[in-house]
Amino acid sequence: MELTEAIRQQTIHIQEKIRRACIRCGRRPDEVQLLLATKTVPPENIRAAIAAGARLIGENKVQELRDKDAALQGLDIERHFIGHLQSNKVKDVLKYAGCIQSVDRISIAEQLDRRLQAEGRGLDIYVQVNTSAEDSKFGIAPAEAVDFIKALRPFRSLRLKGLMTIGLLDADPEWRRPSLRQLRLVRNKIMREGIEGIGELGLSMGMSGDMEMAIEEGATLVRIGTAIFGNRIPGKEVWDETAAANSH
Ligand SMILES: *Cc1c(COP(=O)(O)O)cnc(C)c1O
């Protein structure tokens with residue numbers, strides 16, 4: 001079988017798995033969106049997944065958003081940025097991404113807002129929360145979340161859509177559940193604060209290894225790479241961007 005056909009079928013299979021997971025835990029299937037995590041995936045393979053009905057794609061590097069831009073023209077898709085955002089990439093990321101899921105510093109929010117204001121437009125964002133208490137990952141601490149969200153208020157161009165976490169991956173799958181659940185609890189705490197201008201917040205969590213668990217814990221957007229496109233770099237953790245960069 002052609003690789004693109006395998007990807008198409010796998011995308012359909014994952015969409016069905018999402019649907020069944022929702023029904024099993026009493027949620028409506030349309031509450032959970034599928035985002036294709038497309039780092040290192042060439043455009044023809046991304047197109048195969050889009051042909052199967054996927055609409056959201058997420059890249060970890062601004063460079064990859066740019067490189068694939070021309071090849072993905074004309075598709076009805078929304079591109080998200082899901083990697084660590086460096087301040088020298090703010091200008092470029094705004095050219096390509098319709099949503100940034102990894103806002104984790106006020107300084108970055110401020111820079112995004114300044115550019116967006118100048119361009120007279122807004123942008124969807126998620127705030128990245130580190131729910132695994134590992135120093136190696138990015139994201140704000142759960143305890144800082146309420147203050148952080150309040151501190152975003154002056155940045156009028158940023159539309160807060162929800163919270164994002166990578167969660168604890170390096171463990172028995174059931175050990176991941178507490179970090180997924182924590183994102184939901186942080187969201188609930190924010191909602192209880194009744195902060196002006198903050199509507200219903202979504203939860204971007206769940207990857208190939210913990211997708212169904214994330215749906216059980218309230219995910220509204222799952223980010224799937226390997227389960228659709230196959231393995232990237234055997235033995236390397238998915239968020240290890242240094243390893244990804246060295247492999248090119
Ligand atoms: C790569 C990546 C994913 C997808 O991971 P898989 O295990 O391949 O499904 C999700 N989120 C982020 C931030 C990623 O970098």
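Remember, it's 1-based here, ligands and their atoms both numbered in the order they're listed. Residue indices begin at 1 and follow the sequence shown.
- Between the side chains of Gln86 and His84, no donor-acceptor pair of N or O atoms lies under 3.5 Å.
- Taking only nitrogen or oxygen atoms, main chain and side chain alike, Ala37 does not reach within less than 3.5 Å of ligand 1.
- Those atoms of ligand 1 with a heavy atom of Asn60 less than 4.0 angstrom away are 14 (C), 15 (O).
- Between the side chains of Asn60 and Glu64, not a single donor N or O lies within less than 3.5 Å of an accepting N or O.
- Between Arg114 and Glu110, at least one side-chain N (NZ, or NE/NH1/NH2) sits under 4.0 Å from a carboxylate O, which counts as a salt bridge.
- Against a heavy-atom cut-off of under 4.0 Å, Ile224 is close to the following atoms of ligand 1: 9 (O).
- Asn130 places none of its side-chain heavy atoms less than 4.5 Å from the side chain of Phe138.
- Near Lys39, meaning under 4.0 Å from any of its heavy atoms, are these atoms of ligand 1: 1 (C), 2 (C), 3 (C), 14 (C), 15 (O).
- Closest heavy-atom approach to atom 10 (C) of ligand 1 within the set Gln101, Met207, Met211: this belongs to Met207.
- Of all the atoms in ligand 1, the ones that sit under 4.0 Å from a non-hydrogen atom of Arg223 are 4 (C), 9 (O), 10 (C), 11 (N), 12 (C), 13 (C).
- When non-hydrogen atoms are compared, ligand 1 lies under 4.0 Å from the backbone of Ser208 as well as from its side chain.
- In the model, Thr38 has a side-chain atom that pairs as donor or acceptor with a side-chain atom of Glu59 under 3.5 Å.
- Using a 4.0 Å cut-off between a side-chain N of Lys or Arg and a carboxylate O of Asp or Glu, Asp69 and Arg66 do not qualify as a salt bridge.
- Near Thr226, meaning under 4.0 Å from any of its heavy atoms, are these atoms of ligand 1: 6 (P), 7 (O), 8 (O), 9 (O).
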